[in-house]
Amino acid sequence: MEETLGYKNEDDKCYGATGMAVAVVVFDGERYLAAVDLDADPGSMLEMTDDFYFTGSPALSAKSVWNRILQNYNLTLAMSLANVMCRSIVRDRKPLSPAVRERLRRLSIEQGNESCSLDEDESGRLFDKNYTYLTRVFNHTGIGSVCHDFADTLKRRRRLTRHDILEELRALGMM
């Protein structure tokens, strides 16, 4: 996998989108899902509801706002990791290379600082926790068939609604 983390081809893009959808489901973020669109720009393939793009409210405490921003950062981090892990572990049947892992870690720390004012240790702990959990998810014996089926459906249909995504990934609830 290239250091740029870019997509090699359409299959690679399908598995990246699949990984992001899996992450949203396993991290209980289904309420934020709107759709997945294979023909969208790579950064916009997974469409989220307006609620995900929280802008704050004067009626909420600063602590509540910060917790929500942190929650969104954590979900975004999970989606980024799952994108790359699904492509590597499920599609290519290879663990992530140390260089790719370190690149993802550096990007995570930068984003944690920018979006949540987290220091390197705090972002690093979140990264490590999510990395460990998602490594177990994508190495689970049953996840491969779920991901392959989802990627095939996405490639064929090009766009899946929230309902379609949850229907395709319902088997995750049984793992």
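Position 1 is the first residue of the sequence; numbering continues from there.
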Subject >> Tyr131 six-ring centre to Arg105 NZ/CZ under 6.0 Å and within 45° of normal >> reply: no
Original post:
What is the distance from atom CG of Asp12 to atom CZ of Arg87, rounded to the nearest 0.5 Å?
Top reply: 4.0 Å
Subject >> Test item: Ser145 side-chain N/O and Gly142 main-chain N/O as donor-acceptor pair under 3.5 Å >> reply: yes
Subject >> Nearest-0.5 Å distance that lies between atom CG in Leu33 and atom CE in Met20 >> reply: 10.5 Å
Original post:
So which heavy atom on Met48 is nearest to which on Ala34, and how close?
Top reply: C-CB, 4.0 Å
**OP:** Look up atom CG in Leu107 and atom CD in Glu102, then write down how far apart they are to the nearest 0.5 Å.
**Re:** 10.0 Å
Original post:
With a 4.5 Å limit on heavy-atom distance, are the side chains of Thr132 and Lys129 in contact?
Top reply: no
Subject >> Atom pair CG/CD of Leu126 and Gln111 - distance to nearest 0.5 Å >> reply: 12.5 Å
Original post:
Is there a donor-acceptor contact under 3.5 Å linking the side chains of Asp128 and Tyr133?
Top reply: no
Original post:
Are any of the side-chain heavy atoms of Thr153 and Arg156 separated by less than 4.5 Å?
Top reply: yes
Original post:
With Cys147, which of Ile89, Asp152, Thr18 fulfils side chain to side chain contact (heavy atoms under 4.5 Å, CB included)?
Top reply: Thr18
Original post:
Do side-chain atoms of Ser88 reach the backbone of Val84 as a donor and acceptor pair under 3.5 angstrom?
Top reply: no
Original post:
Any donor-acceptor pair under 3.5 Å linking the side chain of Asn74 with the backbone of Leu70?
Top reply: no
Original post:
Taking all atoms of both residues into account, what is the closest heavy-atom pair of Cys14 and Leu154, and its distance?
Top reply: O-CD2, 4.1 Å
**OP:** With rounding to the nearest 0.5 Å, note down the distance linking CG in Leu118 to OG in Ser123.
**Re:** 4.0 Å
**OP:** Flag the pair Glu167 and Arg170 as a salt bridge only when some basic side-chain nitrogen lies within less than 4.0 angstrom of an acidic carboxylate oxygen.
**Re:** yes
Original post:
Would Lys8 and Asp92 satisfy salt bridge (Lys or Arg N to Asp or Glu O under 4.0 Å), going step by step from the backbone distance to the final call?
Top reply: CA-CA 12 Å; Lys8 298 178 208 172; Asp92 297 338; 3.5 Å; yes
**OP:** Could you check Asp50 against Tyr32 for side chain to side chain donor-acceptor pair (under 3.5 Å), going step by step and ending with a plain yes or no?
**Re:** CA-CA 8 Å; Asp50 290 341; Tyr32 300 124; over 6 Å; no
Original post:
Is there a donor-acceptor contact under 3.5 Å from the side chain of Asp37 to the main chain of Ser44?
Top reply: no
Original post:
Out of curiosity, His140 NE2 to Leu134 CG, how far, rounded to the nearest 0.5 Å?
Top reply: 13.5 Å
Subject >> N/O donor-acceptor pair under 3.5 Å between Ser108 side chain and Leu104 backbone >> reply: no
Original post:
Is a side-chain donor or acceptor of Tyr15 paired with a backbone partner of Glu10 at a separation under 3.5 angstrom?
Top reply: no
Original post:
Hey, is CD on Glu120 packed in by over 12 heavy atoms from elsewhere, all under 6.0 Å?
Top reply: no
Original post:
Between the side chains of Asn113 and Asp119, is a donor N or O closer than 3.5 angstrom to an acceptor N or O?
Top reply: no
**OP:** Begin from the C-alpha positions of Thr49 and Arg31 and carry the test side chain to side chain contact (heavy atoms under 4.5 Å, CB included) through to its verdict.
**Re:** CA-CA 8 Å; Thr49 64; Arg31 67 187 174 277; over 6 Å; no
Original post:
Would a 4.5 Å heavy-atom cut-off, applied to side chains only, mark Met79 and Phe27 as touching?
Top reply: no
Subject >> Note, Glu47 side chain near Val36 side chain (heavy atom, < 4.5 Å) >> reply: no
Original post:
Applying the 4.5 Å side-chain criterion to the ILVMFWY set and letting contacts propagate, would Ile109 and Leu77 be lumped into a single cluster?
Top reply: no
Original post:
Which heavy atom of Ala78 sits nearest a heavy atom of Ala23, and at what distance?
Top reply: O-CB, 3.6 Å
Original post:
What are the two closest non-hydrogen atoms of Leu38 and Lys155, and how far apart are they?
Top reply: CD2-CA, 3.9 Å
Original post:
Are Ser64 and Ser61 close enough that a side-chain donor and a side-chain acceptor fall under 3.5 Å?
Top reply: yes
Original post:
Which is it for Leu75 and Phe52 under the side chain to side chain contact (heavy atoms under 4.5 Å, CB included) test, yes or no, and what are the steps along the way?
Top reply: CA-CA 10 Å; Leu75 185 56; Phe52 181 75; 3.8 Å; yes
Original post:
Got Asp51 and Arg68 here, is their nearest side-chain heavy-atom distance under 4.5 Å?
Top reply: yes
**OP:** Indicate the atoms forming the closest heavy-atom contact of Ile165 with Ala21, along with that distance.
**Re:** CG2-CB, 4.1 Å
Subject >> Under-4.0 Å salt bridge between Arg159 and Asp164 >> reply: no
